[in-house]
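Notes for the one structure printed next.
Below, chain A is the first sequence line, B the second, and so on; all start at residue 1. This one's a predicted model, so the numbers in the text were calculated from it and none came from an experiment.
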Protein chains: 2
Amino acid sequence: MSNKTKASITDMLRASNLSITDTRVKILELFIDSNGALEHSSFEKLAGHSFDRVTVYRTLQTFLDKGIIHSIPTTDTSIRYALCKSDCSEHDHHDHHIHFKCEECGNTICLDETTVPEIQLPKGYAAHNIDVVVSGVCKECK
Amino acid sequence: MSNKTKASITDMLRASNLSITDTRVKILELFIDSNGALEHSSFEKLAGHSFDRVTVYRTLQTFLDKGIIHSIPTTDTSIRYALCKSDCSEHDHHDHHIHFKCEECGNTICLDETTVPEIQLPKGYAAHNIDVVVSGVCKECK
DNA sequence: TATGTTTATGCAGCAGTGTTGCGTAAATAA
DNA sequence: TTATTTACGCAACACTGCTGCATAAACATA
C-alpha cells in the first residue's frame, strides 16, 4: 500500500475524531485492499491474528457508529461490512447502492453505480432504508 | 388452529415427501399463525421448549431444502425464515416478493403483493436471486 | 520533549447460536 | 404386526459476539 493511501487513512480517522491506532489503520487497509465486503473472521485471517478478537469487534462497531463502514444483510449468521462512500457521515447515513454476492467465489461487493429502484409499498408503510442483495455470478467467475 | 388447516399441513408435508411428525406439524403451525418471519429463538419461545434445539435446527434445514420456507437476509446474526408461497418447489425456488422489517415492533413480514423491480446490473453479472429488505415503520406501529 | 489525561487494547470469561455423532424412539412400508 | 427407514433427543463441541477490568498506547498540554 502506498504512502499516499496510508495518509488518506489517517485523514479518514481524523475526520471522524478517532485516534490513529495500528488496529484501525490496518483494518481500513484491509477494507481498501479487499475492495468488497468483509466479515469478522476475514480480519483474523487477513491480519494474521495480530489483533485480539475483541479489538476487531470494537473497531468495527466504532466504524459503524461513525458511518465509515456499513453492514450488509446476509442469510447466514455472519455480519458483513463494507466501506462507505465519502457522502456518508455519522448523522446522515445511507446506502444507495446495491450489493452483489457471487455464488462462485463467495465475495460480496458493492455495485456503486447501480442505484436502488423505487419501491411502491402498501398503504401505511414508511420506509427508512432499503437493502438490495443480488446473488448470482460475478464478472470474474463467469 | 382449525382442523382444516391441520389437514393442509399434513398435505404440505406429504407433498414434499416428508413424514408427518409432531415437530414438523407444530413448526408449520407456528409459521402459519405468526404470518411473518421467525427466527430460531422464536420457536423455542412459542413452542414452550417442547422440542430440542437440535430438532428445530434440523427441521428448519429440511424445510429450506424442500422449498417450504425461505430465509431472509438480516444485518444481525440470527437467520429469519418465512413460509414460501405455493409456487415454490424444491427445484424451482424463488422469492419474488419483498420483505419489510419494522423498526418499532421488530417483526419482519413478507409483502406478497409487492414485486421486486427490475435491476440493471453492470455488464458481466448474472443474477439468480434478488433479496429486498425494506426497514421502516409498519402500518400497525404507525 | 516530558507529563498527565483520555482513549484503546488485550485478556479472561460468559452467553447465544449452530453443528455433529450416536443411541433410541417414532413413522412408514410390508 | 413386524421390519426398515427416518426423525428425535442428548451430550459435546466450535464459532460468534459481548462485558469488565487492568494495562498500554495515543493525544493534548505545558
Side-chain angles (χ1 to χ4, degrees), chain A residues 6-7 9-30 37-66 68-69 71-81 90 106 108, chain B residues 6-7 9-30 37-66 68-69 71-81 90 106 108:
Chain A
K6 278 225 168 71
I9 285 177
T10 59
D11 287 346
M12 284 174 69
L13 290 171
R14 252 190 276 271
S16 299
N17 279 314
L18 295 174
S19 49
I20 319 292
T21 68
D22 291 350
T23 316
R24 289 174 179 166
V25 171
K26 182 68 183 175
I27 287 184
L28 285 178
E29 281 180 16
L30 290 173
L38 296 172
E39 53 192 317
H40 174 85
S41 59
S42 311
F43 297 101
E44 296 195 84
K45 283 171 202 141
L46 293 172
H49 298 276
S50 49
F51 305 115
D52 189 76
R53 286 176 347 104
V54 178
T55 302
V56 176
Y57 281 118
R58 282 196 270 233
T59 303
L60 292 173
Q61 188 59 54
T62 302
F63 287 174
L64 260 187
D65 294 343
K66 294 291 186 176
I68 297 175
I69 59 176
S71 56
I72 302 170
T74 64
T75 49
D76 56 49
T77 54
S78 68
I79 306 176
R80 280 199 164 69
Y81 303 95
E90 183 170 1
T108 300
Chain B
K6 278 224 170 73
I9 284 176
T10 58
D11 286 347
M12 284 174 68
L13 289 170
R14 252 190 276 270
S16 298
N17 279 314
L18 294 174
S19 49
I20 320 290
T21 69
D22 291 348
T23 315
R24 288 173 178 165
V25 172
K26 182 68 184 175
I27 286 183
L28 285 178
E29 282 179 15
L30 290 173
L38 296 172
E39 52 192 319
H40 174 85
S41 59
S42 311
F43 297 102
E44 294 194 85
K45 284 170 202 141
L46 293 172
H49 297 275
S50 49
F51 305 115
D52 189 76
R53 287 176 347 103
V54 178
T55 304
V56 176
Y57 281 117
R58 282 196 270 233
T59 302
L60 292 173
Q61 189 57 55
T62 303
F63 288 174
L64 259 187
D65 293 344
K66 293 292 185 177
I68 297 175
I69 60 177
S71 55
I72 302 170
T74 64
T75 50
D76 57 49
T77 53
S78 69
I79 306 176
R80 281 201 163 67
Y81 303 94
E90 183 169 3
T108 300

Other residues, nucleotides, ligands: >12 heavy atoms within 6.0 Å of B/Asp22 CG: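 Check fails, neighbour count at 12 or below.
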Given atom [atom1] of [X] and atom [atom2] of [N], what is their separation to the nearest angstrom?
X       : N      : atom1 : atom2 : result
B/Lys45 : C/dG16 : NZ    : P     : 10 Å
A/Lys66 : C/dT7  : NZ    : P     : 11 Å
A/Leu60 : C/dA8  : CG    : P     : 14 Å
A/Ile27 : C/dA8  : CD1   : C1'   : 12 Å
B/Asp65 : D/dA7  : CG    : C1'   : 15 Å
B/Gln61 : C/dT19 : CD    : C1'   : 11 Å
A/Phe43 : D/dC15 : CZ    : P     : 19 Å
B/His40 : D/dT16 : NE2   : P     : 18 Å

Given [options], identify the nucleotide with an atom nearest to the side chain of [X].
X       : options                : result
B/Arg53 : D/dC10, D/dC8, C/dT17  : C/dT17
B/Val54 : C/dT9, D/dA7, D/dA11   : D/dA11
B/Ser41 : C/dA8, D/dC18, C/dT17  : C/dT17
B/Asp52 : D/dT16, D/dC10, D/dT19 : D/dC10

Sugar-phosphate, base or nothing in reach of B/Thr62, heavy atoms under 4.0 Å: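 Nothing, no nucleic acid heavy atom in range.
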Euclidean distance, [Y] [atom2] relative to [X] [atom1], rounded to 0.5 Å:
X       : Y       : atom1 : atom2 : value
B/Thr62 : B/Ile27 : OG1   : CD1   : 9.5 Å
B/Ser78 : B/Leu38 : OG    : CG    : 11.0 Å
A/Met12 : A/Ile68 : CE    : CD1   : 5.5 Å
B/Leu13 : B/Lys66 : CG    : NZ    : 11.0 Å
B/Ile79 : A/Thr74 : CD1   : OG1   : 7.5 Å
B/Glu29 : B/Lys26 : CD    : NZ    : 5.5 Å

Considering all heavy atoms, the nearest A/Gly106-A/Arg80 contact: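 Where A/Gly106 meets A/Arg80 most closely, the heavy atoms are O-NH2, 3.9 Å.
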Side chain to side chain donor-acceptor pair (under 3.5 Å) between B/Arg24 and B/Ser19, worked out: CA-CA 9 Å; B/Arg24 288 173 178 165; B/Ser19 49; 3.2 Å; yes
Base D/dG17 paired with A/Arg58 side chain (donor-acceptor, <3.5 Å): no
Chi angles and distances behind the side chain to side chain contact (heavy atoms under 4.5 Å, CB included) call for B/Leu18, B/Phe63: CA-CA 9 Å; B/Leu18 294 174; B/Phe63 288 174; 4.0 Å; yes
Per-nucleotide protein contact string for nucleotides 22-30 of chain D, where B marks a base within reach and S marks sugar-phosphate only (heavy atoms under 4.0 Å, - for neither): ----SS---
C/dT19 OP1/OP2 closer than 4.0 Å to side-chain N/O of B/Tyr57: no
N or O in side chain of A/Thr77 less than 4.0 angstrom from C/dT17 OP1/OP2: no
Degree of bending in the helix from C/dT1-D/dA30 to C/dA30-D/dT1 once both end axes are built from five pairs, to 10°: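 The two end axes of the helix from C/dT1-D/dA30 to C/dA30-D/dT1 meet at 40°.
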